[in-house]
Undergrad: 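Before I ask anything, let me first share the structure, which is written out below as structure tokens.
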Amino acid sequence: MKFDKSLIATLREDPKEAESKSHRILLRGGFIRQVASGIHTYLPLGWRILLKISNIIREEMDGIGGQELLMPAISPKELWEESGRLQEIGDDMFQLKDRKDREYCLCPTHEEIVADTARNMIRSYRDLPQIWYQIQTKFRDEPRPRSGVIRSRQFIMKDSYSLDCDEAGLDNSFNLHKRAYEKIFKRCGLDFVVVDASGGLMGTGESKEFMATVAGGEDQLAICRQCNYRANLQIADGKGEPASFDDLPIEQIATPEKRTVEEVTQFLRVSPQNLVKSIFFTAAGKDPVLLLIRGDYEISEDKIQRLVGHDYQPASAEQIRATFGAQPGYIGPVGMERLTIYADDLLRGARGMITGANRDGYHVRGLNLDRDVKIDKYVNIRKVKSGDRCPKCDGEMLIESALELGHIFKLGTKYSISLGANFLDEKGNSKPIIMGSYGIGLERIMACACEQKSDDRGAVWPISIAPFDIHLTILNPHEDIVSSTSKEAIELLTKAEFSVIIDDRDISAGIKFNDADLIGIPIRITVGPKGIKNNQLDICIRETGEIITASKTELVTKCIEIRDMLYRRING
RNA sequence: CGGGGCGUGGCGCAGUGGUUUAGCGCGCAUGGUUCGGGACCAUGAGGUCGUGGGUUCAAAUCCCACCGCCCCGACCA
């Protein structure tokens with residue numbers, strides 16, 4: 001492909017809207033173009049990367065017996081009402097009407113369509129197991145798209161779905177996906193870890209996330225320094241140190257305008273460990289719960305929702321005032337026997353604690369959990385913090401920021417039951433199909449490669465997903481000797497099945513080199529009059545900056561060597 | 001949804017009530033000189049100053065409303 005005839009517009013300056021590394025590089029290098037918030041055009045260079053990624057994914061999905069199909073991006077609203085997810089997904093769902101006023105959703109994922117297909121096509125245990133997958137555009141009306149392509153409202157996902165007769169079959173499909181995913185991300189040249197994750201709205205079954213460790217990622221992981229325990233911070237468990245203080249009689253103390261843990265600890269000159277935070281959760285039509293946690297920890301909403309249900313949310317200030325007779329910041333468990341109270345297990349037996357007095361401007365001190373409060377249950381509802389001990393091996397836990405590349409879930413029967421996707425087993429009994437669902441964000445792989453592999457000059461694409469293998473930079477293209485040599489080189493390289501982008505623009509060398517660095521093709525070959533005089537072409541490896549010289553006759557062999565070396569570096 | 005910021009040729013910006021045709025750098029077009037890490041000269045094209053209303057003799061500039069985009073937070077299969 002010729003550079004000057006292609007739709008590549010590199011920008012000299014960073015576009016002002018781009019903040020994250022990947023967003024800057026993708027915009028500046030002409031890989032993507034933003035059309036609206038969270039909605040992008042993938043320009044030829046970016047699209048070639050996404051196609052390379054798709055091919056790797058296809059190979060590995062086909063390798064585990066996946067069958068590729070394509071479901072519609074648009075679907076009748078009723079399907080989502082049937083599964084109950086219209087309400088769960090809420091405003092994140094893009095919706096539209098046709099000319100007859102019939103209502104549709106733009107699919108954010110496809111469990112409902114899969115279950116609908118299965119209920120019509122799967123009859124017998126003999127039809128199972130199945131793995132269906134597609135590579136398709138998804139829509140989610142994110143409240144805040146960010147970081148370019150990392151959190152967008154329209155994006156490409158490989159989603160697959162497994163259908164099995166029983167749990168053992170699901171385990172098998174799940175493990176097949178786990179291994180395929182490990183191969184996929186490795187082949188894309190990324191550094192990643194597999195962590196325990198929360199099913200969220202997908203269900204409560206086992207789930208694993210494939211996380212790339214990057215600075216400024218959207219998610220946080222708790223990772224043990226010693227063993228292999230690693231989990232999404234939302235669900236991670238850790239051992240903390242219990243803390244207890246002097247046993248004193250309970251008394252009210254004035255804490256005017258001191259609401260937050262920080263304000264109260266400063267005002268009373270105590271440590272955050274000495275405080276008990278009270279968090280009130282409510283759900284429509286259900287009894288509210290009061291949750292207690294020590295001041296030096298944050299609650300994990302995920303753990304709480306697992307405990308009480310996904311419909312529970314933090315209460316509004318009005319609900320808090322109505323129940324406790326005090327403003328948020330001054331509420332506490334004392335005298336609230338009529339409420340269900342769950343306390344974090346680190347608070348078990350704690351004495352001499354400080355908490356809200358259910359009176360504006362006052363806290364109580366000398367709180368003894370065993371003596372002064374009726375705790376219904378002690379459970380772990382806190383987020384791990386750096387320095388906590390690993391639940392498996394007691395090693396030190398670290399918190400790292402990460403980017404979610406893929407997520408695999410054991411759905412079980414959530415969708416097959418709600419949509420009536422059943423099969424007949426050997427004995428002729430009708431049973432719900434056991435499902436799993438498995439997603440990979442394609443643009444996130446592309447962005448992640450930027451985040452992890454680029455340098456201050458621009459992108460450094462892993463050769464497996466690079467838009468081209470070779471960037472041919474032709475200097476002084478009008479000199480006959482240069483043009484004839486470069487023609488020969490192109491012919492040789494093309495014959496050897498390299499994909500080549502050819503830059504013979506009549507502009508200064510520096511621009512061409514800088515563009516090549518920015519675009520980040522793994523191998524750059526320079527053809528110029530100086531080299532030709534010495535019968536040599538320069539081959540530059542983008543990743544290392546290493547320059548290897550080759551004569552025309554050696555060119556192809558050396559490029560093959562370098563390409564193989566770059567692949568070995570990825571695949572080991 | 002809360003807080004902050006920004007909308008002026010393709011990109012980055014200046015101009016914040018009164019110099020006739022709204023500037024600058026980059027890019028773009030034409031011609032010429034250059035040519036191994038963002039060269040130079042000359043000429044030229046390109047703008048409803050986000051949108052709508054208002055104030056004024058006069059608005060990119062002041063006021064009001066709306067829209068869009070970015071960042072932090074809330075949220076996030």
Side-chain angles (χ1 to χ4, degrees), chain A residues 4 9-20 23-24 27-28 30 33-39 80 83 85-86 88-93 105 107-112 138-148 150-153 155 157 159 161 197-205 207 209 216 218-219 232 234 301-302 310 313-314 316-317 404 406-409 411 414-415 437-441 457-458 473-479 482 504-518 524-534 536-538 540 545 547 549:
Chain A
D4 63 340
T10 56
L11 303 173
R12 189 165 182 161
E13 289 160 280
D14 280 335
K16 66 171 178 180
E17 73 263 25
E19 200 85 354
S20 71
H23 196 191
R24 279 205 312 270
L27 283 172
R28 267 197 69 194
R33 202 185 120 81
Q34 178 162 322
V35 174
S37 178
I39 297 174
W80 300 88
S83 71
R85 277 216 295 185
L86 187 66
E88 286 178 342
I89 295 172
D91 288 340
D92 280 10
M93 184 83 87
C105 296
C107 298
T109 172
H110 279 72
E111 284 76 12
E112 281 76 359
K138 297 285 188 274
F139 300 87
R140 293 184 195 172
D141 193 0
E142 291 288 345
R144 179 148 102 81
R146 69 184 88 174
S147 307
I150 288 177
R151 173 167 294 271
S152 56
R153 298 193 297 166
F155 56 97
M157 181 157 121
D159 46 325
Y161 304 86
S198 149
L201 285 186
M202 299 297 284
T204 50
S207 98
E209 283 171 327
E218 293 210 304
D219 271 296
N232 191 305
Q234 277 297 335
E301 271 195 35
D302 221 278
H310 280 271
Q313 296 284 325
S316 67
E404 180 188 351
H407 202 157
I408 58 179
F409 302 90
L411 297 175
K414 174 170 175 176
Y415 299 93
S437 98
Y438 315 89
I440 292 180
R457 293 175 164 277
T473 307
I474 304 172
L475 307 177
N476 295 21
H478 295 307
E479 289 187 27
V482 173
D504 61 352
R505 291 176 295 171
D506 187 18
I507 50 171
S508 78
I511 297 175
K512 287 188 256 198
F513 287 132
N514 282 320
D515 274 349
D517 289 343
L518 176 61
R524 188 190 77 210
I525 300 174
T526 307
V527 183
K530 284 191 189 167
I532 292 170
K533 255 178 235 155
N534 306 316
Q536 89 183 27
L537 304 166
D538 294 342
C540 176
I547 292 174
T549 57

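What you see below is based on every heavy atom in this structure, not just the backbone, and it leaves out hydrogens, waters and symmetry mates. The shown structure was predicted, so the numbers you read here are calculated from the model rather than taken from an experiment. Every chain is numbered from 1, with letters handed out A, B, ... down the list of sequences.
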Undergrad: Taking B:U48 as the reference, what is the distance to B:A22 when you measure between their C1' atoms (whole Å, please)?
TA: 14 Å

Undergrad: Using a cut-off of less than 4.0 Å, is there contact between a side-chain N or O of A:Gln34 and OP1 or OP2 of B:C70?
TA: yes

Undergrad: Could you work out, with side chain to side chain contact (heavy atoms under 4.5 Å, CB included) as the rule, every residue matching A:Ile532, not counting sequence neighbours?
TA: A:Ile481, A:Val482, A:Thr485, A:Val527

Undergrad: Would you tabulate the nitrogen or oxygen pairs shorter than 3.5 Å linking the protein to nucleotides 3-9 of chain B?
TA:
| from | atom 1 | to | atom 2 | distance (Å) |
| --- | --- | --- | --- | --- |
| B:C6 | O2' | A:Lys16 | NZ | 3.1 |

Undergrad: Take atom NE2 of A:His23 and atom P of B:C69, then tell me their distance rounded to the nearest Å.
TA: 12 Å

Undergrad: Starting at atom NE2 of A:His407, determine the distance to atom P of B:C76, rounded to an integer number of angstrom.
TA: 14 Å

Undergrad: Using the P atom as the reference point in each nucleotide, state the distance between B:U8 and B:G15 in Å, no decimals.
TA: 14 Å

Undergrad: Rounding to a whole Å, what distance do you find between A:Asp14:CG and B:C71:C1'?
TA: 16 Å

Undergrad: Rounded at 0.5 Å granularity, tell me how far CD in A:Glu111 sits from CG in A:Asp159.
TA: 7.5 Å

Undergrad: State whether the distance check finds a donor on one side and an acceptor on the other, under 3.5 Å, for side chain A:Arg146 versus base B:C70.
TA: no

Undergrad: Between protein and nucleic acid, restricted to nucleotides 29-38 of chain B and to nitrogen or oxygen atoms under 3.5 Å apart, what atom pairs and distances do you find?
TA:
| from | atom 1 | to | atom 2 | distance (Å) |
| --- | --- | --- | --- | --- |
| B:C35 | O2' | A:Asn476 | OD1 | 2.3 |
| B:C35 | O2' | A:Asn476 | ND2 | 3.2 |
| B:G36 | O2' | A:Lys530 | NZ | 3.4 |
| B:G36 | O6 | A:Gly528 | N | 3.4 |
| B:G36 | O6 | A:Gly528 | O | 2.8 |
| B:G36 | O6 | A:Lys530 | N | 3.4 |
| B:G36 | O6 | A:Gly531 | N | 2.5 |
| B:G36 | N2 | A:Asp538 | OD2 | 2.4 |
| B:G37 | O6 | A:Arg524 | NH1 | 3.1 |
| B:G37 | O6 | A:Arg524 | NH2 | 3.2 |
| B:G37 | N1 | A:Asp517 | OD2 | 3.0 |
| B:G37 | N2 | A:Arg457 | NH1 | 2.7 |
| B:G37 | N2 | A:Asn514 | OD1 | 2.8 |
| B:G37 | N2 | A:Asp517 | OD2 | 2.3 |
| B:G38 | O2' | A:Arg12 | NH2 | 2.6 |

Undergrad: Using the C1' atoms only, state how far B:G25 lies from B:A39, rounded to an integer number of Å.
TA: 16 Å

Undergrad: Can you tell me how far apart CZ (A:Phe513) and OG1 (A:Thr473) are? Round to the nearest 0.5 Å.
TA: 6.0 Å

Undergrad: Quick one: are A:Glu404 and A:Asn232 in side-chain contact, heavy atoms under 4.5 Å?
TA: no

Undergrad: Only counting residues at least two apart or in another chain, list the ones meeting ring-ring contact (aromatic ring centres under 6.0 Å, His included) with A:Tyr161.
TA: none

Undergrad: If pairing requires Watson-Crick or G-U wobble contacts with both distances under 3.5 Å, which nucleotide is the partner of B:U61?
TA: none

Undergrad: Distance check needed: B:C75 C1' versus A:Asp92 CG, whole Å only.
TA: 8 Å

Undergrad: When the nearest nucleotide of RNA chain B is assigned to A:Ser147 and to A:Pro314 on a heavy-atom basis, which residue is associated with the more 5' position?
TA: A:Ser147

Undergrad: Within less than 4.0 Å of OP1 or OP2 of B:C72, is there a side-chain N or O belonging to A:Arg144?
TA: yes

Undergrad: Go through the side-chain N and O atoms of A:Thr549 and A:Asp538 and say whether any donor and acceptor fall under 3.5 Å apart.
TA: no

Undergrad: Do A:Arg505 side-chain atoms and A:Lys512 backbone N/O form a donor-acceptor pair below 3.5 Å?
TA: no

Undergrad: Classify A:Glu301 by what it touches in the nucleic acid, base, sugar-phosphate, or nothing, heavy-atom distance under 4.0 Å.
TA: sugar-phosphate

Undergrad: My understanding is that a pair needs two contacts under 3.5 Å, Watson-Crick or G-U wobble. By that rule, which nucleotide pairs with B:C75?
TA: none

Undergrad: Quote, to the nearest angstrom, the P distance that separates B:G5 from B:G44.
TA: 42 Å

Undergrad: So which nucleotide does B:C66 pair with, by the Watson-Crick or G-U wobble rule with both distances under 3.5 Å?
TA: B:G50

Undergrad: Distance between the C1' atoms of B:G12 and B:C69, in whole angstroms?
TA: 16 Å

Undergrad: I'd like the C1' distance from B:C64 over to B:U19, given in whole Å.
TA: 31 Å

Undergrad: Using atom CG of A:Asp219 as one end and atom C1' of B:C76 as the other, report the distance to the nearest whole Å.
TA: 9 Å

Undergrad: Which base sits across from B:U56 as a Watson-Crick or G-U pair, both distances under 3.5 Å?
TA: none

Undergrad: Working note: A:Leu518 + A:Arg28, criterion side-chain contact (heavy atoms from CB on, under 4.5 Å); need CA distance, chi angles, decisive distance, verdict.
TA: CA-CA 8 Å; A:Leu518 176 61; A:Arg28 267 197 69 194; 4.2 Å; yes

Undergrad: Could you tell me the separation between the CD atom of A:Glu17 and the C1' atom of B:C13, rounded to a whole number of Å?
TA: 14 Å

Undergrad: Name the nucleic acid region contacted by A:Glu13, choosing base, sugar-phosphate or nothing; use a 4.0 angstrom heavy-atom cut-off, strictly under.
TA: base

Undergrad: How many whole angstroms separate atom CG of A:Leu27 from atom C1' of B:C70?
TA: 12 Å

Undergrad: B:U30 pairs with which nucleotide, Watson-Crick or G-U wobble, both distances below 3.5 Å?
TA: B:A42

Undergrad: With sugar-phosphate meaning primed atoms plus P, OP1 and OP2, does A:Tyr438 contact a base, only sugar-phosphate, or nothing at under 4.0 Å between heavy atoms?
TA: nothing

Undergrad: Which whole number of Å gives the distance between the C1' atom of B:C40 and that of B:C66?
TA: 48 Å

Undergrad: Check every strand shown and say whether A:Met93 touches a base, only sugar-phosphate, or nothing at a heavy-atom separation below 4.0 Å.
TA: nothing

Undergrad: Does any non-hydrogen side-chain atom of A:Ile89 lie less than 4.5 Å from one of A:Trp80?
TA: yes

Undergrad: Not counting sequence neighbours, which residues clear side-chain hydrogen bond (donor to acceptor under 3.5 Å, both in side chains) with A:Asp506? List them please.
TA: A:His478

Undergrad: In whole Å, what separates the P atom of B:U61 from that of B:G54?
TA: 14 Å

Undergrad: Could you identify the nucleotide paired to B:U20, looking across every strand shown and requiring Watson-Crick or G-U wobble geometry with both distances under 3.5 Å?
TA: none

Undergrad: Hey, which sits more toward the 5' end of RNA chain B by its nearest nucleotide, A:Lys138 or A:Arg153?
TA: A:Arg153

Undergrad: Taking any strand in view, what nucleotide pairs with B:G25 in a Watson-Crick or G-U wobble way, both distances under 3.5 Å?
TA: B:C11

Undergrad: For A:Arg151, enumerate each residue passing the side-chain hydrogen bond (donor to acceptor under 3.5 Å, both in side chains) test, keeping only those at least two apart in sequence or located in another chain.
TA: A:Glu142, A:Glu218

Undergrad: Would you say A:Ser207's side chain and A:Ala197's backbone share a donor-acceptor pair under 3.5 angstrom?
TA: yes

